[in-house]
Amino acid sequence: QVQLVESGGGSVQPGGSLRLSCVASKSDFSIYRMAWYRRTPGKERELVASISAGSANRAYADSVEGRFTISRDNGKNAVYLQMDSLTPEDTAVYYCNAYRVEPWPWGQGTQVTVSP
């Protein structure tokens with residue numbers, strides 16, 4: 001059973017930064033494209049960013065392009081999301097998961113709250 005553990009969320013003021021981390025208990029983690037998603041109450045889970053297995057290709061939602069950076073460390077089975085210039089619209093629970101395959105069991109997510 002794959003486990004995903006997200007961390008790094010918190011409360012910040014607009015314009016602030018956070019770095020999210022996700023560790024996966026998946027022995028072949030390095031072959032999967034990974035993604036960060038977020039969910040706000042009453043909305044569908046939204047794709048935020050994805051990164052290819054070897055980190056050569058990264059893609060971002062229009063809403064975070066230029067502010068967020070996704071990265072990974074296959075040696076640590078980890079994927080990261082550096083979030084800068086945060087706005088209140090970024091407030092959500094953030095999750096990581098594999099991308100374009102049957103999703104692994106979702107982790108608990110990490111709450112990000114952006115408010116004055």
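Side chains are part of it too, since the values below use all heavy atoms of this structure and drop only hydrogens, waters and symmetry mates.
Atom CZ of residue Arg72 and atom SG of residue Cys22 lie 10.0 Å apart, to the nearest 0.5 angstrom. We find the OG-CG distance between Ser55 and Asp73 to be 8.5 Å, quoted to the nearest 0.5 Å. From Lys26, atom NZ reaches atom CE of Met34 across 10.0 Å, with rounding to the nearest 0.5 Å. In this structure, CG on Leu81 lies 11.5 Å from CD on Glu6, to the nearest 0.5 angstrom. The CD atom of Gln1 sits 8.0 Å away from the OG atom of Ser25 when rounded to the nearest 0.5 Å.
Below 30°, between 30° and 60°, or above 60°: for Trp106 and Tyr37 the angle between ring planes is above 60°, a perpendicular geometry. Classified by interplanar angle (parallel below 30°, tilted 30° to 60°, perpendicular above 60°), the ring pair Tyr94/Phe68 is tilted. The aromatic rings of Tyr32 and Trp104 stand perpendicular to each other, their planes meeting at an angle above 60°, with 30° marking the opposite boundary.
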task = Evaluate the side-chain contact (heavy atoms from CB on, under 4.5 Å) criterion for residues Ile70 and Tyr80: first the C-alpha distance (whole Å), next the side-chain angles of each, then the deciding distance (0.1 Å), finally the verdict.
result = CA-CA 6 Å; Ile70 189 171; Tyr80 307 102; over 6 Å; no
Margin query: side-chain contact (heavy atoms from CB on, under 4.5 Å), that's the test. Do Arg58 and Thr69 meet it? Break it down for me.
Written below: CA-CA 9 Å; Arg58 309 174 198 213; Thr69 303; 4.3 Å; yes
Between Glu89 and Ser63, does a side-chain contact (heavy atoms from CB on, under 4.5 Å) hold up when you go through it step by step? CA-CA 9 Å; Glu89 289 68 37; Ser63 58; over 6 Å; no
Item to check | Intermediate values then yes/no, side-chain contact (heavy atoms from CB on, under 4.5 Å), Val79 and Ile51 | outcome: CA-CA 9 Å; Val79 60; Ile51 185 168; 4.2 Å; yes
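Under the 4.5 Å side-chain heavy-atom criterion for Ile, Leu, Val, Met, Phe, Trp and Tyr, Leu20 and Leu47 are members of distinct hydrophobic clusters. Cluster annotation: Val101 is connected to Trp36 through the hydrophobic network of ILVMFWY side chains, with a link wherever side-chain heavy atoms come within less than 4.5 Å.
Remark: the backbone N or O of Arg39 is not paired with any side-chain donor or acceptor of Tyr95 at under 3.5 angstrom. At least one donor-acceptor pair under 3.5 Å links the side chain of Thr110 to the backbone N or O of Gly9. Of the possible polar contacts, one joining the Asn77 side chain to the Ala24 backbone as a donor-acceptor pair under 3.5 Å is found. Using a distance-only test at 3.5 Å, with no hydrogens or angles considered, no donor-acceptor pair links the side chain of Thr91 to the main chain of Thr113.
What you find for Ala35 and Tyr99 is that their closest heavy atoms are CB-CB, 3.9 Å. For the pair Ala49 and Tyr60, the tightest heavy-atom approach, listed with the atom from each and the gap, is CB-CD2, 3.6 Å. Of all heavy-atom pairs spanning Arg38 and Ala92, the tightest one is CB-CB, 3.8 Å. The two residues Ser30 and Ala53 make their nearest non-hydrogen contact at O-CB, 3.2 Å. The minimum heavy-atom distance linking Met83 with Val112 is given by the pair CE-CG2, 3.7 Å.
Residues Pro14 and Thr87 fail the side-chain proximity criterion, which asks for heavy atoms closer than 4.5 Å.
No side-chain donor from either of Ser85 and Arg67 sits under 3.5 Å from a side-chain acceptor of the other.
For Gln3, the CD atom sits in a loose shell: 12 or fewer heavy atoms of surrounding residues, nucleotides or ligands are nearer than 6.0 Å.
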